[in-house]
Protein chains: 2
Amino acid sequence: MRPTVHDIAAAAGVSLATVDRVLNQRAGVRNVTREKVEQAIERIGFVRDVAAANLAKSRVYPFVFILPSGDNSFMRGLEAHVHAAMARGPLERMAISIVKVPAFNAEALVGALDEVRETAPAGVAVVAVESPDVIAAVNRLRAERIPVVTLVSDLAGSARDHFAGVDNVAAGRTAASLMGRFLCSRPGPIAVLAGSMRVRDHRERLDGFRAVMDKDFPGHMLLPAIEGQDDPVLTEKLVGAALAASPGTAGIYSLGAGNRGLITALKQRDSAPPVCVVAHELTRHTRAALNEGLIDAVLNQDAGHEVRSAIRVLKAKADGVAVIEAQERIYIDIFLKDNLPFDEGDEMQKPEQGEER
Amino acid sequence: MRPTVHDIAAAAGVSLATVDRVLNQRAGVRNVTREKVEQAIERIGFVRDVAAANLAKSRVYPFVFILPSGDNSFMRGLEAHVHAAMARGPLERMAISIVKVPAFNAEALVGALDEVRETAPAGVAVVAVESPDVIAAVNRLRAERIPVVTLVSDLAGSARDHFAGVDNVAAGRTAASLMGRFLCSRPGPIAVLAGSMRVRDHRERLDGFRAVMDKDFPGHMLLPAIEGQDDPVLTEKLVGAALAASPGTAGIYSLGAGNRGLITALKQRDSAPPVCVVAHELTRHTRAALNEGLIDAVLNQDAGHEVRSAIRVLKAKADGVAVIEAQERIYIDIFLKDNLPFDEGDEMQKPEQGEER
DNA sequence: ATTTTTCTGATTTACGTACCTCAAATTTTC
DNA sequence: GAAAATTTGAGGTACGTAAATCAGAAAAAT
């Protein structure tokens, strides 16, 4: 049987009340006594029964997710997963709430972070925007011992506890590696399609992609990035124009949110020589395109994993329990048409009105 | 606030004792009363607080993992992960134990399953061997409402609750797809290296591999499978011989446990024309070979994920709680040298004395 | 040495559920 | 309609921890 607080009291030769004072860092214990108790805890290997403690405290964990608003459908998918977690929240004594802020707006994010801090939550998950002010705001949360997890997009230089997301440089490198090998030394320039170059994860992907392309497949020229602003119509137009301008284009790396427009553009040139396409995020559109052979590979980050991982980490941090690092590492999933997961139960991956990302 | 048993009693107009009798399916309640209580539960949306219930019951979950013995290092890695879970077991009221049976011995497995059943565990995870007797033994467990999860290797036709493992046919298909594209229409036969063709997951991988090769890359002949019995020395000899016999070999698919011998054999022919190699399971040997360019891609199943997933599912089933299907799907990880996870905290992936699988 | 302050002990209640006992009420059986 | 059997109610204790009160002991300050 696991030792209990009573066992500590007995082992330390003090009363239950004193043990409680030490355990819950209440005032009114001399240092000598405190040390005696702490040694006893160490000696008998006591670990607090978190479930019982929560029951006694009738504790709920108020967790806050700060997400960008707007119609980025990857983010909307992420939000759907947070909602799913909210629904099962009560079962695990969690009260998850969502705060939305305008995308890529550091000032608004700082405001949200500070407001959230006032409510003294048990943990905060945030899709970070890079800025010194945001770093400072996150650090203010940490200064009040509120656990912070960055989601999807990390915040380098901050005191955040954890990052729940993929290594985007590695993702870009992998995309280049696949692309280069799939091209089979067929020459021709490579087009890059992004939403906007002002987003860190997109920049990182491009950096990784370019690094491997330059090093391992130097024969290919990288065309300047097309910025489709995640707009299907605009993207289709720009991609069509780019392909017309460089008819010899050998490959396209779609590292952002423009897949739907990209796919439409690709369909309109079926007689043209094939182009090797590597895209990000598995949605119903990219899935279909993979199956049709329009897209050769899709790199995916599992939003559901990211959300659940963030919650697990927040809870562990709130409880002062160690996290299983290996469990919380988010892998880049590589999908070819041959290892697509079955559809069932996949609603979350393909938001209803969602575009491709 | 969540409704409690007291709320049920009030809502149904009965006493706490009666609510308790209904909730815990004790005898001595008329059907009319039972229905009244059940309707009240439904109406106010009561869900049992599992943590409090477990506390009251001082419940521990005795889970049993039945693993094959022998020196298959993938299995030993799996066992290490089970041990890791055992260590954190008490924290979550779990008492995990391991039963080892001779590998691929259906009779021994049946004996183990029946013996385990006697101990009335809260759940059983088993690396299945395919046989009607094993199916029957698993069904006997299920008949006593003991949750059963198959691990790594599934048991088709049984009443097991869940399979914690990858889709090996899809893995084989993916390997073929990568291999075919990486070969860039370079001709030549393809060698297949297996441990033994009597294992279901190996067979499935080969089936998937062959299907895609025949369909999408019909130019390549598949050489008969080399069975290296997971022995490094034997494997090295056989692979060396095979490469010498077919000097034009374009690719090697290592679908089993022979990676260490394979790598040694590959190193001894550095002047020979390059061979495209796709292997299974990321270990320190395959990782190094990836980095050196000896292996082109590694497909991996994350043993840690599988173990933790199995435990989560067993616990959920034992509690009568729904599982999050999307969370429990084990993906095939594809590793190129560009997306290898960092080393830190990776001990479990590379068992100390472990060979390549 | 006395007062004040600080520390410690003993005890109680609570969290939500499980499980037990005993008596009372109700239904069934003859 | 009485006896027997079944069903229900009321109440308590327990699980391991938190949090509180209040009295008493020890230390510090005067």
Side-chain angles (χ1 to χ4, degrees), chain A residues 1-41 44-61 89-95 122 318-321, chain B residues 1-38 40-41 44-61 90-95 122 318-321:
Chain A
M1 276 295 125
R2 278 169 65 184
T4 74
V5 283
H6 295 86
D7 299 322
I8 305 176
V14 300
S15 77
L16 242 181
T18 302
V19 171
D20 181 65
R21 289 180 185 112
V22 173
L23 272 179
N24 298 291
Q25 23 224 7
R26 274 183 260 280
V29 186
R30 269 187 308 168
N31 275 336
V32 263
T33 319
R34 163 162 286 121
E35 271 163 32
K36 216 165 53 173
V37 173
E38 275 161 358
Q39 277 165 25
I41 290 175
I44 67 175
F46 169 86
V47 264
R48 186 199 246 103
D49 183 328
V50 181
N54 287 345
L55 179 60
K57 278 197 280 216
S58 357
R59 166 169 206 178
V60 286
Y61 299 82
L91 277 167
E92 278 131 30
R93 321 187 87 86
M94 297 184 306
D319 286 336
V321 166
Chain B
M1 275 294 127
R2 278 170 63 184
T4 74
V5 283
H6 295 86
D7 300 322
I8 305 177
V14 300
S15 77
L16 244 180
T18 302
V19 171
D20 180 65
R21 289 180 186 113
V22 174
L23 272 179
N24 297 293
Q25 25 224 7
R26 274 184 259 280
V29 186
R30 269 186 309 169
N31 274 336
V32 264
T33 317
R34 165 161 283 121
E35 272 161 31
K36 216 164 54 173
V37 173
E38 274 161 359
I41 291 175
I44 67 176
F46 169 86
V47 264
R48 188 199 246 102
D49 183 329
V50 181
N54 286 345
L55 179 60
K57 279 197 279 216
S58 359
R59 165 169 206 178
V60 286
Y61 299 83
L91 277 167
E92 279 131 31
R93 322 188 89 84
M94 297 184 305
D319 286 336
V321 166

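Naming convention: chains lettered A, B, ... in sequence-line order (proteins, then strands); numbering from 1 in each chain.
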Minimum-distance nucleotide to [X] side chain [options: [options]]:
X     : options                : result
A:R26 : D:dA19, C:dT17, C:dA14 : D:dA19
A:L55 : D:dG16, C:dG9, D:dG9   : D:dG16
B:K57 : D:dA18, D:dT17, C:dA18 : C:dA18
A:N24 : C:dA14, D:dA19, C:dG16 : D:dA19
B:D49 : C:dG16, D:dT17, C:dG9  : C:dG16
B:D20 : C:dT17, D:dG16, C:dC19 : C:dC19

Inset, instruction - Considering only NZ, NE, NH1 and NH2 on the basic side and carboxylate oxygens on the acidic side, decide whether B:R93 and A:D49 come within less than 4.0 Å. - result: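 A salt bridge links B:R93 with A:D49.
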
Legend entry - Nearest-nucleotide 5' precedence on DNA chain D, A:N54 against A:R30: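 Result of the comparison: A:N54.
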
Inset, instruction - Give the stems involving DNA chain D, where a stem is 3 or more consecutive Watson-Crick or G-U wobble pairs (i with j, i+1 with j-1, and so on) under 3.5 Å. - result: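 As far as DNA chain D goes, consecutive pairing (with distances under 3.5 Å) yields the stems C:4-6 with D:25-27, C:8-30 with D:1-23.
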
Strictly below 4.0 Å: does [X] bring a side-chain N or O up to OP1 or OP2 of [N]?
X     : N      : result
A:S15 : C:dG9  : yes
B:T4  : C:dG16 : no
A:R21 : D:dA19 : no

Inset, instruction - Select from B:A53 and B:A17 the residue whose nearest nucleotide in DNA chain C is closer to the 5' end of that strand. - result: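 Its nearest nucleotide lies further toward 5', so the answer is B:A53.
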
Legend entry - Minimum side-chain heavy-atom gap A:R34-A:N31 below 4.5 Å: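 The answer is yes, as the side chains (C-beta and beyond) meet within the 4.5 Å cut-off.
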
Legend entry - Note, B:V29 side chain near B:K36 side chain (heavy atom, < 4.5 Å):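 No. Closest side-chain heavy atoms not under 4.5 Å.
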
Please state how far atom [atom1] in [X] lies from atom [atom2] in [N], giving the value in whole angstrom units.
X     : N      : atom1 : atom2 : answer
A:E35 : C:dC7  : CD    : P     : 14 Å
B:R34 : D:dT7  : CZ    : P     : 10 Å
B:K36 : D:dT7  : NZ    : P     : 14 Å
B:R48 : D:dC15 : CZ    : C1'   : 16 Å
B:N31 : D:dT6  : CG    : P     : 15 Å
A:L16 : D:dA20 : CG    : P     : 16 Å
A:R93 : D:dA18 : CZ    : P     : 13 Å
B:H6  : C:dA18 : NE2   : P     : 12 Å

Legend entry - From A:L16 atom CG to A:R21 atom CZ, the distance as rounded to the nearest 0.5 Å: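 That separation rounds to 10.5 Å.
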
Legend entry - Between CD1 on residue A:I41 and CG on residue A:D7, distance to nearest 0.5 Å: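 Going from CD1 on A:I41 over to CG on A:D7, the span is 11.5 Å.
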
Under 3.5 Å donor-acceptor, [X] side chain and [Y] backbone:
X     : Y     : value
A:R59 : A:A53 : no
A:R2  : A:V47 : yes
A:N54 : A:A51 : no

Legend entry - Sugar-phosphate only, base, or nothing, as touched by B:V50 at under 4.0 Å among non-hydrogen atoms: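 If one applies the 4.0 Å heavy-atom cut-off, B:V50 turns out to touch nothing in the nucleic acid.
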
